[in-house]
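Notes follow once the structure below has been shown.
Just so it is clear, the model here is predicted, and its values are computed rather than measured.
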Amino acid sequence: MVREARLDPEVEVIWDDFHAEVNVPSEKLRQWLLTRGSGEEAFGPNPDLDLPEPGRQILAVLTKRKVDLTPEDIEVMQDAIDRIRELSAAKPSRGNADDEWRHSLLDLGHDVLIER
């Protein structure tokens with residue numbers, strides 16, 4: 001029987017919080033980021049490399065197992081959690097109808113229209 005490596009309890013909390021806040025499945029996030037990056041000057045020869053940041057970094061973390069996280073991944077996760085919570089707390093008066101606000105959250109992998 002293979003035993004899972006023990007992780008720092010703080011990393012466990014960040015992992016859980018990240019996956020609670022980033023509620024868009026990885027393929028849908030990738031599609032969204034490709035749409036956001038598809039301006040006239042946005043696409044280079046390899047569209048996967050031209051995904052907008054920090055969404056590309058968030059997408060990369062979503063493809064990893066917990067035991068494969070690097071210190072940089074943990075920073076990306078914490079930053080995403082902080083930014084999503086900050087934006088969510090600053091919900092505009094138009095709420096979900098405010099496209100700029102909603103799109104800012106979608107860029108981070110959080111869709112306000114998905115119920116928790």
Side-chain angles (χ1 to χ4, degrees):
M1 181 164 123
V2 175
R3 203 168 161 195
E4 190 172 319
R6 293 243 178 226
L7 292 175
D8 181 334
E10 187 176 328
V11 172
E12 294 278 358
V13 170
I14 292 171
W15 174 268
D16 292 342
D17 288 351
F18 176 77
H19 283 88
E21 296 296 339
V22 177
N23 63 357
V24 176
S26 59
E27 186 53 37
K28 292 212 181 271
L29 177 57
R30 183 179 179 282
Q31 289 171 356
W32 169 254
L33 294 172
L34 283 170
T35 300
R36 289 290 271 184
S38 65
E40 195 171 296
E41 301 168 14
F43 277 123
N46 185 346
D48 282 340
L49 298 177
D50 295 331
L51 296 174
E53 295 294 348
R56 182 172 59 86
Q57 294 171 322
I58 292 168
L59 188 58
V61 171
L62 285 173
T63 66
K64 291 190 173 191
R65 298 177 315 157
K66 201 182 322 182
V67 295
D68 295 331
L69 294 174
T70 66
E72 292 79 20
D73 295 332
I74 294 166
E75 286 180 34
V76 167
M77 291 168 46
Q78 187 63 61
D79 184 54
I81 293 164
D82 294 344
R83 291 176 71 178
I84 291 168
R85 288 178 178 170
E86 182 179 307
L87 280 168
S88 296
K91 189 173 188 174
S93 59
R94 292 185 55 221
N96 296 349
D98 188 306
D99 285 341
E100 184 178 337
W101 175 75
R102 183 168 175 254
H103 291 173
S104 294
L105 283 164
L106 282 169
D107 290 345
L108 299 169
H110 180 83
D111 189 347
V112 295
L113 301 180
I114 295 176
E115 295 203 22
R116 295 183 193 208

(message) Whether the Thr70 and Asp73 side chains hold a donor-acceptor pair (N or O, under 3.5 Å, no angle test) is what I'd like checked.
(response) yes
(message) Quick check for you: to the nearest 0.5 Å, what is the distance between Ser104 atom OG and Arg83 atom CZ?
(response) 9.0 Å
(message) Leu29 and side chain to side chain contact (heavy atoms under 4.5 Å, CB included): which single residue from Leu62, Asp107, Leu108 fits?
(response) Leu62
(message) Nearest 0.5 Å, please: how far is CD in Gln31 from OG in Ser26?
(response) 10.0 Å
(message) Taking Ile84's backbone N and O only, do any of them form a donor-acceptor pair with His110's side chain (distance below 3.5 Å, no angle check)?
(response) no
(message) Once rounded to the nearest 0.5 Å, what's the spacing between atom CG of Leu87 and atom CG of Leu105?
(response) 5.0 Å
(request) Might you confirm whether atom CD of Glu27 has over 12 heavy atoms from other residues, nucleotides or ligands at distances under 6.0 Å? (result) yes
(message) Testing the basics here: between Trp101 and Gly95, what is the closest heavy-atom pair and its distance to 0.1 Å?
(response) CE3-O, 3.6 Å
(request) Indicate the atoms forming the closest heavy-atom contact of Met77 with Trp15, along with that distance. (result) CE-CA, 3.4 Å
(request) Grab the two heavy atoms, one from Ala80 and one from Phe18, that are nearest each other, plus how far apart they are. (result) CB-CE1, 3.9 Å
(message) To the closest 0.5 Å, what do you measure between CD1 (Ile58) and CG (Asp79)?
(response) 7.5 Å
(message) Which heavy atom of Ala97 sits nearest to which heavy atom of Arg94, and what is that distance?
(response) O-NH2, 3.0 Å
(request) Before giving the answer on side chain to side chain contact (heavy atoms under 4.5 Å, CB included), spell out for Glu12 and Lys66 the whole-Å C-alpha distance, their side-chain angles and the decisive distance to 0.1 Å. (result) CA-CA 8 Å; Glu12 294 278 358; Lys66 201 182 322 182; 2.8 Å; yes
(message) Within the supplied structure, the quantity of interest is the number of heavy atoms (other residues, nucleotides, ligands) at a distance under 6.0 Å from Lys28 NZ; does it exceed 12?
(response) no
(message) With a 4.0 Å cut-off on N to O distance, would you call Asp17 and Arg85 a salt bridge?
(response) yes
(request) May I ask you to say whether Arg56 pairs ionically with Glu53, meaning some side-chain N is under 4.0 Å from a carboxylate O? (result) yes
(message) Applying side chain to side chain contact (heavy atoms under 4.5 Å, CB included), can you list everything that pairs with Asp111, at least two apart in sequence or on another chain?
(response) Asn23, Val24, Arg102, Leu106, Leu113, Ile114
(request) State the NZ-CG distance between Lys91 and Asn96, to the nearest 0.5 angstrom. (result) 4.5 Å
